Amino acid sequence: VSGVRRVVRENGLALAFGALFLAALVGQAWAGLAEFNNQLMSEGLAGIGFWRYVTSSDFAVDVAENWQSEYLQFFLYITATVYLVQRGSPESKPLDQQGRESDREQKIAEYSVGDSPDWAKTRGLRLSVYARSLGLVMGLIFLASWLAQSIAGHSAYNEQLLGDLEGPIGWLDYVVSADFWSRTLQNWQSEFLAVGSMVVFSIYLRERGSPESKPVGQPHHSTGIEG
Amino acid sequence: MEVDPMRAAFVSYLAVIVSGLVFFVVIGVLHR
């Protein structure tokens, strides 16, 4: 039993956010179904069931549009913070460490240590891929989610057009449509605001014990020092 | 075989994301 407790404690962030994700997704499905059925009833149509809704393109596009913006946010944050700094923010590197840093600082190849990942130990293609793997994976998930949003959104939009007795449009027309860009940009703006405010607020505000914050007594002008 | 919880977390998150993405695309294509 103590082994299980240790595993739970040591993986608290992954477990807590995984559970929150699943609970919020189920909540989104129920609330989304209620709203969808309200709309159907106001049009004099019969409501649909839970399973029918969660396998609808309306639900898929609503989930995918939020996924793409979150992964875009992290992709940009991971890659932009290599080159851009912010004086006073614990989210930034120290002002003199802009860029991809030296092999010694990054523990690459001859500077690797015993437990370094195998792909970090030798130079070549594997190292250049591995040295960008976090940004690459977040960026790929962003692009795949955005593509999924466009495909599901296209279907949902055409269903709406058919309901209004209008003809369907093609995917290429959809990706330049107001519906696609309204869904996309309404998510992007909130992500960029949240990231920007996190960077700037963390200059002057503190959260005792959080690695996202500077220590409470750390001066405002200190850059790149985390809790 | 011993399961590494950190690796399990990594693989689980990746699996949820990839299956979610496949699901969205399949739903989108099926409803076209």
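Reckoned from all heavy atoms, side chains included, excluding hydrogens, waters and symmetry mates. These numbers come from a predicted model, not from an experiment. A, B, ... follow the sequence lines: proteins, then strands. Residue 1 opens every chain.
- Counting non-hydrogen atoms of neighbouring residues, nucleotides and ligands closer than 6.0 angstrom, the CD atom of Q189(A) exceeds 12 such neighbours.
- At a 4.5 Å heavy-atom cutoff, F10(B) makes no contact with chain A through either its backbone or its side chain.
- A distance of 12.5 Å separates CZ in F24(B) from OG in S57(A), rounded to the nearest 0.5 Å.
- Sparse packing is recorded around NZ of K107(A), with 12 or fewer heavy atoms of other residues, nucleotides or ligands lying under 6.0 Å away.
- Note that CD1 of I27(B) is 10.0 Å distant from CZ of F59(A), once rounded to the nearest 0.5 Å.
- Of all residues in residues 152-159 of chain A, those placing a non-hydrogen atom less than 4.5 angstrom from a non-hydrogen atom of chain B are A152(A), H154(A), S155(A), E159(A).
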Q.
I'd like to know whether T55(A) forms a side chain to side chain contact (heavy atoms under 4.5 Å, CB included) with F23(B), so could you lay out the CA-CA distance, the side-chain angles of the two residues, the decisive distance to 0.1 Å, and finally the verdict.
A. CA-CA 9 Å; T55(A) 55; F23(B) 178 76; 4.2 Å; yes
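- Note on A60(A), P168(A), S150(A): by heavy-atom pairs under 4.5 Å with chain B, the leading option is A60(A).
- With a 4.5 angstrom heavy-atom cutoff, V8(A) does not touch chain B via any of its atoms.
- Every residue meeting the side-chain contact (heavy atoms from CB on, under 4.5 Å) condition with S177(A), not counting sequence neighbours, appears here in chain and number order: Y174(A), D179(A), F180(A).
- Other residues, nucleotides and ligands contribute only 12 or fewer heavy atoms inside 6.0 Å of the CD atom of E207(A).
- For a residue to count as touching a neighbouring chain, one of its non-hydrogen atoms must lie under 4.5 Å from one of that chain's; by this rule F21(A) touches chain B with the side chain only.
- Y77(A) OH: more than 12 foreign heavy atoms inside a 6.0 Å radius.
- In this structure E70(A) satisfies the salt bridge (Lys or Arg N to Asp or Glu O under 4.0 Å) test with no other residue, sequence neighbours excluded.
- Of the residues considered (V29(B), V18(B), L21(B)), L21(B) shows the highest number of contacts with chain A, using heavy-atom pairs under 4.5 Å.
- Between Y13(B) and L13(A), the closest heavy-atom pair is OH-O, 4.4 Å.
- In this view, E191(A) and S69(A) satisfy the side chain to side chain donor-acceptor pair (under 3.5 Å) rule, not counting sequence neighbours.
- With rounding to the nearest 0.5 Å, the separation of NE2 in H31(B) from CG in D58(A) is 9.0 Å.
- Counting heavy atoms of neighbouring residues, nucleotides and ligands inside a 6.0 Å radius, atom CZ of R52(A) does not exceed 12 of them.
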